[in-house]
Structure formats: C-alpha cells, structure tokens
Amino acid sequence: MTNPGPKILVFSTEKISDPAIDLAGLLKMHYQARAYTIIVPCSSAIKPRWVMFAFEQGFDGVFIAADGTDCPYDTACTDKTAQILTNTQKQMKERGIDPARLKMAAICSVCSEPFVKYIKSFSEYLSQNN
Amino acid sequence: MGKTIDIIKKTRTVPEEVKEKRKEFVRIKKLIIKSLKEGPKTIPQIAKESSVPAVEITYHLMTLRKYREIITGELDDMDEYFSYELNNTK
Amino acid sequence: MSNKIGVYICHCGNNISEYVDVERVRDSIENEKGVHIARTTMFACADSAQTEIIDDIKDNALDGIVIASCSPKLHLQTFREVAKRAGLNPYNYVQVNIREQGSWAHSDDPEGATEKAISLVKAGIGRTRFSKSLEHFTISAKNSVLIIGAGIAGMRAAIELAEMGTRVYLIEREHFVGGRLSQWGVLCSLNETGKELISRIYKRLKELDNITLFTGAEVISKAGSSGNFEVEIKITPRHVKTKCDPEGLQKAIDACPVEVPDEFNFYLTNRKAIFKNFDSEFPEAPVINMENCNRCGECLKYCDSIDLDQKTEIIKLEIGAIQVCTGFDPYEPKEGEFGYKTIDNVITLQQLKRLVELNEKQLFLNGKQIHNIAFIYCVGSRQFGKINGNNQYCSRYCCTVAIHSSLIVGKKYNDISCLHFTRGVRTYGKQELIYDEASQKGDIFFHFDENSPPTVEKSGNKTIVKVNDVYTDQIELGVEADLVVLVSGMIPRKDNSVVAILKTPVGRDGFLNEIHPKLRPVETVIDGVFISGAAQGPKNIEETVNSTLSAASKVNALICNEEIKLEPTIATINEETCEWCGKCLEACPFNAISQITHNGKKIASIIETNCKGCGICTPVCPVDAIDIIGYTNVEIESMIIELAK
Amino acid sequence: MQEENKNREFDVLVIGGGIAGQESSLNLANMGLEVLLVEKDYSIGGKMIHLSKVFPTLDCSACIATPKISETARHPNITIFTYSEVKDIEKSGKKYIARVIKKPRYVKEELCSGCQECEFVCPVYVPDQYQYDLVGRKAVYVPFSLANPRVAAIDIDNCILCGACEKVCPTEAIDFTMEAEEIEIRFKAVIIATGFNLFDAHNKPQYGFGKFKNVVHSMQMERQLVPTRPFNAVLRPSDGKMPDNIAYVLCTGSRDKSVGNPLCSQVCCMYSIKQAQLLMGALPLADVTIYYINIRAFGKGFCEFYQQSKTMGVEFVKGKVAQITETENDNLIVRYEDIFEGKVKEAEHDLVVLAVGALPNPDVPDMFKNEKVELGEFKYVKQVDRFACPARTSMEGVFVSGTAAVPLDIPDSILSAGAASSEVNSYIKKLGI
C-alpha cells in the first residue's frame, strides 16, 4: 500500500467555516481524506492544549479554519484566534514541533475553494517535511 | 413499476425550439471537446479552431466546467487568458 | 455519560454508500466501547427509519445515539426531536457528517472516504460517551419595558409595545414629549408638521392605559439582567401640578422676571423660567426650570397650581427589557466655522427651521429682511481633507432637509432665492424628487470638494460666500448672501450618561452600536437592552420609526411569554481550580462573567442569561478552569484520540 | 397530507421570502404568531443570497443570509410554500381569504436528498437564471448551492421528456404527474414583501447591453465575485480574458426620466464601490473607474467606505455617460461629460458594468381580487402614513415591508421588515379574534 499521506486535524466553526467545508463536499471539490474536522462554536475558543494533544496523539498537522471578520460573536475574533495560534506555536517550539504544522486561515461560509487549496498545500508541506 | 415520464409524454410534446437549442449546445460542446482533446487551450484558441464566436465558447465552456467535464488550467504568461482542459478524473 | 449507544450509518440512497462502504463502517465500530446497537439504514431521515430508531431506544433503554449521515446543519434538529420523542435527552445525540465531509468530498477516493467515515463515527461515539443530558434554562421574565426617550422613536415604540400587550414605562429627560420632531415645521413630502405628527401620536399614547409616562426623568442606575432588570429613575419636578388655564398661565409667564436664551428655538429667542415651548405641547402643564427660577413668587399670583416646593423623587422599576431611544444632538459649529457666531447672519439649519416657524409673512433675521439664502452643506459631517473635525460620517438627513427648507421658504415667503453649496447632493430614494423640484424652481447648486471648502467673509455690511465650484472649472466665485445657513448634521448626544449606566457600546462615530447592522440591527451586546432611532446614527423620521418598531418587535418577542429560554451549551467554571485573574472577564464579548466569592475564595461565575456559549473565554484561562458544555476537554480529546488512531 | 393543506388558518400571510419577508416572518413567529410564507421562486433567500460581500462591512452575504434562512425554514411557527404564487386575496369579515397556487416542481421535496444525480444525467442545457445567464444549467437542477429547500426541480418548459432523471434518482423523488395545487388560506393580516425588480439594461440602448459582449450588468458582476461564481475568475464574456480596465456606469435606469424612473435606487453607488474594492482584490493590476453623478454614501459607515475605496485607487469620474460603443477588439468606448473639466470625453475600457437600479415589482396589484391595494406615483406600494406607521397601506390589515414600498439597502429593508412585524402584531391584538 502506498503512503496514505499526512493526518490533519481541522478545527472548524459551527456557523462560518464548517458550512464552507460542507459546501466543498457539495461541489465535489476533492481534498485529502485524511483531514478530519472537529466543530467548535468559534475559532477563538480553541484551546492550545487540544492542539498539543492532537500532535501527541500522532496528528501531523492542525488547521484552524477561523471565523475571521465574519465571526458572529466577536469583531476581534481574528486577533484572538491569531493570539491562540501564537501561544500554541510557542509551546510547539518548546517541544521541538515545527510551528508550521499549525496553520490558520479565515474561511468564510462559502470559501470552499480556498479551504480546499489550503488543505492541499498544507498536506503537501506536511508530506515534504515529514 | 411504471415511470411517470410515460404518463406526461401522453399529454405533453417537446417544442421544436427546445430540441433545436439542445442540438446547438451539443454541437458546440462536441467542437470544444474535440479541440481540447489535443491539449489545454484558451478560449480564443478554441474559438479560432472551431470557428465559433469566442463569446459563445465562453458560455458553453463555462457550463461544461460547471458540470466538471472541463477544468481550469494555467494562466498564460501575460496574465490574460486561462487555459482549459478536459477533466480526465471524472 | 452514555454506555448504551445506538449507532446508525446512513446510506443516503447511494449518496454515501456509493463511495463509503457503509457495511464495513458498521462492522468496524460495532465492538467499540459503549456501542449496544449498530445498524445501517437507507435513509435515516425517513419516517420509517425514525420510528425504528425510536423503538430501538425504547426497547434497549439506549442512553446515547450516533447517526452518521449528512451535515448536522441539515438534520441535527430532526434527530434531536427523534431522541426527544423516544424519551432520550436530545443532547445525548451526536451527528457525524460522512456525506458533505465524507463521501462527496472524497468521491475520488472511496477507500479514504471509508477509512475517514470509520474514524469520524468512532470519534462521534467517543464524544457521545461523555455527553451530558442537558435542559434549556428557562428563566422568568417580566413582560414590561423601560423606554428611554419620548421623541418619535420612544413614543412609537411605546404605543406598539403597549398594544402588543407589554407594560410600558416611558421616560423623558425633558418636561415635554416630542423630542426633535416637535421643533420641526412641515415635514418633507407631507402636509403635516412635526408638531402635528407628535400631537397625533401623543393622543394615541394617552389612550393606552398600560403606558406610564414620566417626564423630567432619567435613569440613574441599572441592575439585574435580561428579563429582570431593576432600574432607578430620578424624576425632577415640574413645579406645576395640573394644566393651568391659558389666560392665567400667560399672565404668570408675563410676570416672570427671568429671561434666559431659549434652547428650543436654538437661542434665537429668550424664554422665561416658567414656560411652555408652544401652545399645543404635551403634557399640557407648563414647567418651571428651577435652575433659572429666582423664587420671586410672581407667578404664584396668577396660577394656583404652581408648587415651588416639589421635591426630586427617585423611583424603582422592575422591567424585562430596555429600549434606548435617546436621539441625537444637532452639530453646533465651532465659533468662526464658516462665520458661525462671528458673522451675525450665519445660522444653522436647525435655527433656520425655527426661524421659519417664528416668521409668518416675511423672513427676518436681526431685523433685516432676507431675500437670498446660501446653504453650506456637510457642516459637521464628512470631515476630511481640508475640513477640520473628526466626524467622517454622512449625516444622511441634512441634504433632504436643506433642500426641503428651500422649497418651504420659497412657498411661504415670496422672492427668496436659494443657493446650495454642496459636496454632492444625497437625496437618495424618493427624496430625489425634491432635489428635482428645487432645481426646477431655480435653485442653484454648487459643488465643492473636501480640499477646497467655501469661506464666509464679511465685506463692509455684506456677507460673501466664496467657493471653488467644480462645475465651473474650479474658478473661485463670490456670492453675496443675506443669510448663510450651515447645514449642520447629527452628532451623538453630548450628555450621554445613559450609556455609562447601561454599558452599551458606542462605535467609532460615537453613536450607540448595534451588534451587527444586518443580523442584529437593534440589539446590543447587553442582552435585553435594545437601541433604535438616531441614537444609533443619523436617520430621518421614517428610518427612525422603522428601527424603533423593529426594536419593539424584538422586545416583545423576548418577554411576551414571561419566560426566556436559554441554550444549555454555555460556559462553566471549575470552582476548585479557578483562582480569579479576570482574564476571562476581559475576553468575554457579552459581559457574561462576574466575580463571586465561593467558599471564601474569589472565583469567576457565569451569568447564564448573558452567556452565548462562544467559548472565547476558555483558551485565555491560565489554569484551564473554564469549559463550554458540549466542548469540554474530555469530549474534544476523546474525539482526537479516536481520529488519531 | 394534501387535505391538511386545504383551508388552513394562519395569523399572517407573508408574501415574498427575501430578506424582508424572512425578517418579518421570524419576528412574528418569535412573538407567537402563526405565519405562512409564500415564495414564488424555488428557494427562499431573495436577491441577497446571490450577492458576494455586502457593504460597508464586507461581510460575506451568504454568511449573513443562510443562518437567517435556516432559522426561518426551521421555525415551528412558520410554514413555507416555495414555488407558489398568491392567486388572489379578498376580505372576508375581519379576516382575509387567499388562494395560493403551489406549482409543480416535478420533484417530491420530501424525498429529494439534493444529490444532483439527475442534474448530471440531464442532457439539456439552458441559461442559468441564478447566474444571470453567464453560464448554463440543466432542465432538472438544484437551483443553486445555498437553496433552501435544497432540492431539485424540473424546468418543464425546457425538458425534452427523456426520463433519464427519473431512472437515475436514488430516492424515486421525480414525479412527472405532479400538478398545480390550489390551497385556500385564511388569515388575519398580510405583509407584502415582494421586493423590487432590477432595471432591465436592454431599456437603455445607448449603453449597448445585449449587443456589446463586454457590457454586463451589476448582478452579473456580483455573481463573478461570489465564491460559487460561474467562471473560475473574473473574466470578460467576449473571450475569457481577465479584464484590466473596468468601468462602472452609475444611475443606469435610475434618476433618469427618459426611462420613466426619476428616483434614486439608493444602493447602486454603494454596491459599485464595494464591487470596485473586491475587484481591486481579485485583479490587483486592474484599473477601476466609476462614472457617477453624485455618490450616495449616506448610511452608517458608508462615507468611510467610500473614502477607503479612493485610497485603494478606485478612480471616480463625475460625469454622466451618454453613450457606449464597441471597438474591433471588443473593448468599449465610454463617451461622457466630465463635469469637473466641463467637456465631453471618451475613454476605452475592456469591461463595462452597468449599475442597474431598482424598479417596483408589478405583480402586487394582481394579487388582490376586489379591493386593490393602492400604489404610489411610481407604482411602489403606497405607504399611507409613512412617518407614523411606515408599513401601513391603503387597506386595513395589509402591510408592506422592505423594497416593495421604496428602494432600500439591506439594513434598511431589515428595519422596515421589523417595523411591519410590530405593526401587524399590534393590529392583530386589536382585532381581538
């Protein structure tokens, strides 16, 4: 069997980015099957410990599909999610994990195309740097 | 079980105009696909080859793209035209 | 915690099963911990399948359900209802998306799609094991509202809410109702004046016995939360008990020796310490302003309902919601801005409106008859380029009002010509018609840009407006004007103490800020506090009324059942580990966190009525003492474990 | 099932499932009233669901519209009839009776799973009205990806009756025997939320829409900017080239007595500025020029948004466009009077967008049987007490919401819809039945 490729954990948000990921499926845009989604209410609610836990458990990469400026809860969501990213990446460095294994991008509710592109390029990066 | 299409066929006929439009679409579709079998091309290239106005090619090609028969390829060096190719993974 | 879980894998016709080997998924998960039943089904959402699931739950006393089918956005509610019908708590149901994010997304990779589906279903089972039974919070709510401000916005909301069955307390800081509209003459495109419109509305308001109006009243404190607020209202006395007879009243006013500039007429005239702004004003009794009154007692001789000893009162109200309709202040130009206050025939648009009300046959200012008027637009609005000030916004109503004033002036007095110095006329929508009418009538429109504003200068006894008009190739023109009207826009209320008390946020422009202009246009981040009218930003009358009636329907919807249902998926605090640092409070966009003392220790506490369950507070906690129900560490981590396998 | 539909009673009939109709319905439903929402299209969502981003916040339109749509669709107090038309409304005592025609979509809504298998096998291609004819669609199709209900429908007029869809449907949802169904409804009040029509750019022949290949209207450009866009990028229709010099012609069909519409449409300035900003993002090298008479940037945050577009490099030319002509290479010559310089000028562009305005929806009066609701001077539904009760019309119990009464932007439509719901609820409470 060929190498099945890297495993990616995706954190999506219930109202904004998860609908975009659904829409990608609806439009039959293909991306790596080894990308798994966990839905949270808001991307600013993702705990760094979950991300670290995912790496511990063997995920190769974690992708945060952030609310961005479309966040229904907080206009400062982009900054807050970015802060979580920075904090987590600091912890990753400390543990010798390449910080580029955690990626974030704002995905609006119809941004299926960007989502697929991100997952493809992220997956490529992870394969090359394995 | 019988199909309901057979029931409606008894009461409804298809207008000639609809049949004609379909034929026209299929004709241009064939020309586009034939042209793309040789490799990726831009809309003006397909138009020239098939002698169909480029504006018609845009409409038909984009429709075929919507139904995933064609996919978008590279942008040319001048950043003007995309090339299009047949979707072989379909 | 669920230990007897039923798992259903849906074929969705062949939408799923064409790419995902559903039987293999079933086989792979049936021996998972906690799984009691594992089945595949053609259409999980079909009636027959739903009945089967209900029977399974009942027959096997299942305490958790996982359905792997389409996106939860489509059928989460459907299956929660199924769970409910079977007597299972709907929050013990987990939906796993193996269609949009499974078979469809990976139709190019059936093997991958199947493997993914297996992992996703296992993660769903993991999550279900830790799921809790949850109930909606229901809190009681009072079907009563406090409306702050009795201008057109407040009065219209009061009437509508009262008619819909909500008890209304309407408070007004001034001693008369009507707000800015009562200062207005004939309204654009109507044959009705502002005063008349206000009287008409006031009469409707008086007929409703579930409205209580307090004038001279201000909110001084607020406690409680959505559904159950307690507010304190300070009521300044009127010093006049009932309405006086008109003759006695007039004599009392005449006798009053105090004269102060009249703010109602924008200081164009003076008034006495005892006054009414106009005859048909409501409530009908006059008022004595004690800041002006010298207690000479002259008025007491003519009017026996005057009581100079009335005291300020403070009353408490318990209400379910608050609607803020505090309106706007007109922008007052700075001294010297386009000659304001330095040149005697420069006035504001608001002053012009009063001037027209005060002058019957001919238009006079300072004893001089007016034959031509120069309007300078966007004073106090759209301040950028070489125009000083911080108000970048457009005040939206002023173009129309200025042009309409020109039409009114033309109709009321003969031989007045009008010149308009504009920044591009914004008579949007139907208002376009009056712009056309003014052009037809012979009004002349100039256009200047922000880098060459006009100047107003005195030359001898003449007032000259100079402008670089863009229509005439930017050559400077000088025009003589008998009257210069500065078309001043709207600014937020200068005295906005109510904002400090209610803690409603304001935007960069200083006006009250809604949560979102399209999604929640009259709601604030403070649950139960609604905003409307020009307090939110410049609006004309129709827009004000639309927003206020919109807010009224939101208020009514919130409290009409006398209870408020809240989602149970909100934040919780671990009382053991919380060490109160305040970071969660800082992060919360909804004021849903407070500090309490628990077993002698300061800790954070969630205000359940405010929490929206967004979880923004959770990652900021340095000791991980805060979680969102449904997204707790064990739930998320159990999913990660299964997905990583 | 069908029997249940006959002679049903509701508190309120809302006509039109656009943003105004949804907002009115949701408010009423949240206040405890039973609402029937009738939508003539296959899906609720109106025009807003087809927009890209919305001014001045640049929120994604779908992100705002879809949650509201699903909330409307799921609300227990709201019943929705899509692809249905109100045939007539008449007063009966204190109540109203309406007959609603549910037109056949030839697909059983409750069975269709939206899988689109049928769409892929259908051999017929016709212009897709939801993409404003920029591409084609099939004769059986899921109208658009965000449709609600997201189920297929058959365009019977263009169907060649081959039956391929019926054969392939995994849920046997296709049913060619479906017929129009007439349902009688009783209710206490009605809200007209029928929205506006776009000005048909053909009616301004000097701009060459329909004749010149690279003259498009603003909704066509809007679709090109949406993530579910018809082309893969912003392209000009004549040959699929990425445009690098785009012109906007404002007031196409608005403020124009020659086409019978002297009103300002309120939205075209702002949506053009928004599109210009999005185009600057999508095509970083392109020039965008906006030809305008006055810029109506009046709403909250609008003026700031307009200023921002200037700093981004959008060029604003104050001038009325008189005529557009086509060059041999399909470029366009825009002839206009430059007001700043006072002379007639010409400029060449490779794509021209006509910022089309709003016109009243002419369907409204036909819905009433005996007494008809009065229209105003410009054929919008007349508001009889605009400042005190903006939703009130000439008929008691008949209210208007959104752009059926006057052109409005989205925030103002939503507020007007909110006002209508308040007025309706208090009316019903007073009716006391």
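For clarity, every value in this text was computed on a predicted model and none was experimentally measured. Just so it is clear: chains get the letters A, B, ... in the order the sequence lines come, proteins before strands, and each one is counted from 1.
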**Study point:** Whether D/S413 side chain and D/G402 backbone form a donor-acceptor pair below 3.5 Å
**Key:** no
Review point. Can you check whether D/I293's main-chain N or O pairs, donor with acceptor, with D/K318's side chain at less than 3.5 Å?
Key: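 Yes, D/K318 side chain to D/I293 backbone: donor-acceptor pair under 3.5 Å.
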[X] portion near chain C, given a 4.5 angstrom heavy-atom threshold:
X      : answer
D/E423 : both
D/C389 : both
D/A405 : backbone
D/Y292 : neither
D/D385 : side chain
D/K343 : neither
D/Y427 : neither
D/S254 : neither
D/S113 : both

What I want to find out is whether [X] reaches [Y] closely enough, with some N-O distance under 4.0 Å, to be called a salt bridge.
X      : Y      : value
D/K430 : C/E163 : yes
C/D436 : D/R255 : no
D/R296 : C/E432 : yes
C/E542 : D/R386 : yes
D/K310 : C/D449 : no

Name the member of [options] that forms the most heavy-atom pairs with chain D at distances under 4.5 Å.
options                        : answer
C/E192, C/R204, C/R200, C/M42  : C/R200
C/T427, C/I559, C/T544         : C/T427
C/S547, C/C560, C/G165, C/G537 : C/S547
C/I201, C/V425, C/I541, C/I159 : C/V425
C/K539, C/E543, C/H516         : C/H516
C/R423, C/Q431, C/R99          : C/R99

Sort out for me which of [options] touches chain C most, counting heavy-atom pairs under 4.5 Å.
options                        : result
D/A420, D/S421, D/A297         : D/A297
D/K300, D/E117, D/K429         : D/K300
D/A391, D/A388, D/P411         : D/A388
D/S265, D/P170, D/S426         : D/S426
D/F387, D/Y306, D/F298, D/Y380 : D/F298

Do [X] and [Y] meet the criterion of a side-chain donor-acceptor pair at a distance under 3.5 Å?
X      : Y      : result
C/Q536 : C/E514 : yes
D/E23  : D/S401 : no
C/Q323 : C/S532 : yes
C/N391 : C/S381 : no
C/N546 : D/S416 : no

With a 4.5 angstrom heavy-atom cut-off, could you sort out which part of [X] is near chain D: side chain, backbone, both or neither?
X      : result
C/N561 : neither
C/I152 : side chain
C/Y397 : neither
C/L197 : side chain
C/C398 : neither
C/K554 : side chain
C/E18  : side chain

Review point. Taking the inter-plane angle between the rings of C/F445 and C/Y435 on a 0 to 90° scale, is it parallel (under 30°), tilted (30 to 60°) or perpendicular (over 60°)?
Key: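 Ring orientation of C/F445 relative to C/Y435: perpendicular.
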**Study point:** C/Y377 and its side-chain hydrogen bond (donor to acceptor under 3.5 Å, both in side chains) partner, picked from C/H447, C/H420, C/R426
**Key:**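 Passing option: C/H420.
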Practice item. Output, in order, the C-alpha distance, side-chain angles, deciding distance and verdict of ring pair (Phe, Tyr, Trp, His ring centres under 6.0 Å) for D/F302 and D/F55. Key: CA-CA 8 Å; D/F302 291 11; D/F55 61 81; 5.2 Å; yes
Practice item. Please say whether the positively charged group of C/R382, taken as NZ for Lys or CZ for Arg, lies over the ring of C/Y393, i.e. under 6.0 angstrom from the six-membered ring centre and within 45 degrees of the axis. Key: no
